[in-house]
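First up is the structure itself, then whatever we jot down about it.
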Amino acid sequence: MGEGRGGGRKVRTMPEYTSLEKIRLEKIEELRAEGIEPYPTRAERTHTSAQIIAEYEAAERQTGDGETPEVKATLAGRIRASRPMGKLTFAHIEDGEGKIQLFFRVNELGQDQLNFFNEMFDLGDFIQATGVMMRTRSGEATLLVHDFKLLAKSVTPLPAAKDETLEDGTVVRHAALEDQELRARQRYADLAVNPDVREIFRKRAALIKALRKFLDDQGFLEVETPILQPLYGGAAAKPFVTYHNELEQQMYLRISFELYLKRLLVGNLEKVYEIGRDFRNEGVSYKHNPEFTQLEFYWAYADYLQVMELTEQMVSFAAKEVTGGYKVTYQGQELDFTPPWRRLEMRQGILETSWINFAEYTDAESLFKAIVAKHPEKTPDPHATRGKLIDFLLSEFLEPTLIQPTFLYDYPRDISPLAKSKPGDPLTVERFEGYVSGFELCNAFTELNDPLDQEQRFLEMGRDYEADDEERHPLDEDYLRAMRYGMPPNGGFGMGVDRLAMVFTDKHSIRDVLLFPALRNELKEG
RNA sequence: GGCCCCGUAGCUCAACUGGCAGAGCAGGCGACUCUUAAUCGUCUGGUUCUCGGUUCGAAUCCGAGCGGGGUCACCA
């Protein structure tokens, strides 16, 4: 039961059971009265559904045609369908690997046991069944049940979902759970009735495993840095604020890993990475969740061009591990992750799509005028900095054209306070972002390692954000102290893992790739 | 946060310009020895998200709220 908003205004009350639930609760009472435990402690499964079918088919091949091999098994799973027909009942159970049919027959079980199954077992219950494998007249590998046992009674019926297998083998799901909110709030029910949802999260796990494997093989050290931080930094985002009672100090949930990982380079750890959760106290949308999974790595003695090469290798490797190939269909478009990816200087890309060469406008005012003159229908913020205006051009004109994996490189300095300037070009930093299907996938740069320059940038940022207190960033003195000991030149990288999971599972919304996305509290009574 | 759309049985959805809230699945009872969305008969199931208003009469119209979806803004 969720607590009501406003600090537990809602008191927990006894759940109100539906008529369907009451019937099942009565069965639980009845079972206990007969000395049958509806939630026994142990199960005795010998095979999964997939294992027994494989074993049975292998045995069939050995015995040759006509002969039925004797293959015994005890299976366990959740009852998903039951078709009683007089002195026979067919049922399907589902386990972690798939479904298998059970055949209950009066011949083996006797009338009492058959009745017991038909009367006391419901869809959604977990059952254990022991028997021998056989084929039905239609040829389906089926367990002929000699003995069975309840493993766990289901009180609340699962959302109705029936699968119809057409003659061509395609499966049509009828009346499946589709309500987006219910699916997200009750992911357990969603997972229980929608096998494709389970598949999404298997792919997500495969993705994270692939990223780890790739970086491990490249000699990167996986590390863990604080989630609970006395200061936040490394990105421009509003933090979640909390408080440590004993230490009597305000703490923040991290908004990025960057400043801690780069401290490790000062400590002579040359290649480090972290995969973990970031928290940003901002809007929720189809591509934003307040907590999301981030991958960052830092690589001493490398620059952003080397990071670029490593990135395309890493992401294409992950694509192959997760989807089986370098080409992935996302929202109807085929994306080709085969390296090398297209490289496009950001200034050039903006010139080609907006017909504005921002290098010709070295201050915000002149650039603003140029944009309005060329594109009267667009409305950039008149008070925006030059960097923000360039960002505006990027998202308005260039981004939508970046469907195939593309690296955009060389960014304005004033929107990149942690990146190193391009030699001989003080307005530009060595930074790139990877784009796919029109959205930003990753962000990387040659990291700034000059402590005095870094201090100057922090102070500039502080000034820029003075008006907007919430985005104004605290100056991290300890980070500057670390940098003053000496930080090797290095390239750094950050990527939203959920975004990549969306691409590899062809999902439009980040919520579809998060098991428990952030949702507003349920409040049943006002 | 702005704008648009949505909220009806456990699930998926109907209900015309306001006129007795329905169906399929799930569930109860009965029949059925190879079913697989099993089938057949029969029955049950509702605070139409909440509160208020208009009206002889509201699922439907109006207002407020709650929740969700979309979109824009925000997100170096």
Side-chain angles (χ1 to χ4, degrees), chain A residues 2 4-5 16-24 26 80-92 99 101-107 114 119 122-124 134-140 142 144 155-166 171-185 189 193 234-238 255-256 280-288 290 292 379 381 384-385 387-388 390-391 394-395 411-419 429 431 433 440 443 445 457 461 464-465 468 470-471 473 496 508-509 511 519-526:
Chain A
R5 298 204 297 165
E16 287 173 27
Y17 292 110
T18 64
S19 59
L20 303 185
E21 289 167 330
K22 283 175 186 158
I23 289 164
R24 293 181 176 204
E26 281 165 17
R80 293 306 311 277
S82 181
R83 296 175 292 276
M85 29 185 316
K87 298 192 181 343
L88 308 177
T89 294
F90 289 97
H92 271 97
K99 289 185 185 172
Q101 184 166 253
L102 304 182
F103 186 13
F104 297 82
R105 198 164 62 168
V106 73
N107 310 38
L114 185 63
E119 287 164 16
D122 293 289
L123 301 188
M134 58 164 285
R135 285 201 184 269
T136 59
R137 273 176 209 165
S138 59
E140 181 168 351
T142 297
L144 179 62
V155 175
T156 304
L158 286 170
K162 285 195 171 184
D163 291 341
E164 179 182 11
T165 309
L166 301 177
V171 176
V172 181
R173 189 135 358 105
H174 297 273
L177 180 65
E178 278 174 359
D179 184 282
Q180 289 297 319
E181 181 186 356
L182 251 172
R183 288 186 48 210
R185 280 195 197 283
V193 301
K238 295 170 202 161
I255 59 172
S256 91
R280 297 188 182 176
N281 206 339
E282 287 167 353
V284 178
S285 78
Y286 72 94
K287 54 179 175 177
H288 297 272
F292 61 97
T379 53
D381 176 6
T385 62
K388 289 263 189 188
I390 293 171
D391 204 43
L394 171 63
S395 51
Y411 276 64
R413 176 182 189 267
D414 68 293
I415 53 170
S416 314
L418 298 162
V429 293
R431 172 180 175 187
E433 291 188 333
E440 180 195 334
N443 181 17
F445 25 90
R457 304 276 196 102
M461 291 305 287
D464 284 347
Y465 282 96
D468 185 4
E470 280 187 311
E471 279 195 25
H473 274 217
H508 173 68
S509 171
R511 287 189 170 178
L519 293 169
R520 222 178 282 268
N521 238 334
E522 284 180 277
L523 183 60
K524 295 221 167 117
E525 292 165 60

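To find a chain, count down the sequence lines: A is the first, B the second, and so on, and within it residues start at 1.
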**Study point:** P atoms of A21(B) and C34(B), separation to the nearest Å
**Key:** 45 Å
Review point. What nucleic acid atoms does R24(A) come within less than 4.0 Å of, heavy atoms only: base, sugar-phosphate, or nothing?
Key: nothing
**Study point:** Counterpart residues, salt bridge (charged side-chain N to carboxylate O under 4.0 Å, His left out), relative to E140(A) (two or more places apart)
**Key:** none
Please list each protein N or O that sits under 3.5 Å from an N or O in nucleotides 5-8 of chain B, with the distance.
none

**Study point:** Contact under 4.0 Å: K388(A) side-chain N or O vs C75(B) OP1/OP2
**Key:** yes
Practice item. Nearest-nucleotide wise, let me know which of E433(A) and Q180(A) is further upstream toward the 5' end of RNA chain B. Key: Q180(A)
Point to revise | Side chain R83(A), main chain F90(A), donor-acceptor under 3.5 Å | key: no
Exercise for review: Could you measure between the two P atoms, the one in C16(B) and the one in A58(B), and give it in whole Å?
Suggested key: 16 Å
Check your understanding: In Watson-Crick or G-U wobble terms, both distances under 3.5 Å, what is the partner of U71(B)?
Key -> G2(B)
Study note, to complete from the structure: Applying the 3.5 Å cut-off to both distances, the Watson-Crick or G-U partner of G63(B) turns out to be C51(B)
**Study point:** Nucleotide nearest A236(A) when distance is taken to its side chain, options A26(B), C34(B), A76(B)
**Key:** A76(B)
Practice item. Look through every strand shown and name the nucleotide pairing with G18(B) as Watson-Crick or G-U wobble, where both distances are under 3.5 Å. Key: none
**Study point:** Heavy-atom side-chain contact between E440(A) and S395(A) under 4.5 Å
**Key:** no
Practice item. Would you indicate what L158(A) reaches in the nucleic acid, counting non-hydrogen atoms under 4.0 angstrom: base, sugar-phosphate, or nothing? Key: nothing
Check your understanding: Who are the ring pair (Phe, Tyr, Trp, His ring centres under 6.0 Å) partners of F292(A), not counting sequence neighbours?
Key -> none
Exercise for review: Tell whether E140(A) reaches the base of U35(B) with its side chain through a donor-acceptor pair below 3.5 angstrom.
Suggested key: no
Study note, to complete from the structure: Applying the 3.5 Å cut-off to both distances, the Watson-Crick or G-U partner of G10(B) turns out to be C25(B)
Practice item. Can you tell me, in whole Å, how much space there is between the P of U44(B) and that of C4(B)? Key: 44 Å
Check your understanding: Can you list the residues that meet the side chain to side chain contact (heavy atoms under 4.5 Å, CB included) rule with K87(A), with sequence neighbours excluded?
Key -> V106(A), Q111(A)
Practice item. Mind checking the CG-CZ spacing from L123(A) to R24(A)? Nearest 0.5 Å is all I need. Key: 6.5 Å
Practice item. Could you check if a side-chain atom of L418(A) sits within less than 4.5 angstrom of a side-chain atom of R457(A), using non-hydrogen atoms only? Key: no
Review point. Within less than 4.0 Å of OP1 or OP2 of G68(B), is there a side-chain N or O belonging to R185(A)?
Key: yes
Exercise for review: Please identify each residue that fulfils ring pair (Phe, Tyr, Trp, His ring centres under 6.0 Å) with F445(A), with sequence neighbours left out.
Suggested key: none
Exercise for review: Quickly work out the Y286(A) OH to U71(B) C1' distance and round it to whole Å.
Suggested key: 10 Å
Exercise for review: Pick base, sugar-phosphate or nothing for S416(A), based on heavy-atom distances below 4.0 Å to the nucleic acid.
Suggested key: nothing
Check your understanding: Among the nucleotides G28(B), G70(B), A76(B), which one has an atom lying closest to any side-chain atom of R431(A)?
Key -> A76(B)
**Study point:** Closest listed nucleotide, where the reference is the side chain of D122(A) and the choices are A76(B), G28(B), U35(B)
**Key:** G28(B)
Review point. In Watson-Crick or G-U wobble terms, both distances under 3.5 Å, what is the partner of C40(B)?
Key: G30(B)
Point to revise | Partner residues of Q180(A) under the side chain to side chain contact (heavy atoms under 4.5 Å, CB included) criterion, sequence neighbours left out | key: R183(A), D512(A)
Practice item. Name all residues meeting the ring pair (Phe, Tyr, Trp, His ring centres under 6.0 Å) criterion together with H288(A); count only those two or more places apart in sequence or in a different chain, and write none if there are none. Key: none
Point to revise | Out of G70(B), G27(B), A76(B), whichever nucleotide has its closest atom nearest the side chain of L20(A) | key: G27(B)
Exercise for review: Please list, chain by chain and in numerical order, all residues satisfying side chain to side chain contact (heavy atoms under 4.5 Å, CB included) with L20(A), sequence neighbours excluded.
Suggested key: T18(A), P157(A)
**Study point:** Residue E181(A), side-chain atoms from C-beta onward, closest of C34(B), G68(B), A76(B)
**Key:** G68(B)
Could you write out each protein N or O paired with an N or O of nucleotides 29-33 of chain B at a distance under 3.5 Å?
from: C32(B); atom 1: N3; to: G86(A); atom 2: N; distance (Å): 3.1
from: C32(B); atom 1: N4; to: G86(A); atom 2: N; distance (Å): 3.4
from: U33(B); atom 1: OP2; to: K87(A); atom 2: N; distance (Å): 3.3
from: U33(B); atom 1: N3; to: N107(A); atom 2: OD1; distance (Å): 3.2
from: U33(B); atom 1: O4; to: N107(A); atom 2: OD1; distance (Å): 3.4

Review point. Which nucleotide in the list G10(B), U35(B), U71(B) gets nearest to the side chain of T136(A)?
Key: U35(B)
Exercise for review: Report yes if a side-chain nitrogen or oxygen of R83(A) is closer than 4.0 Å to either non-bridging phosphate oxygen (OP1 or OP2) of U35(B); otherwise report no.
Suggested key: no
Exercise for review: Side chain of A81(A) only, please: which of A38(B), U35(B), U71(B) is the nearest?
Suggested key: A38(B)
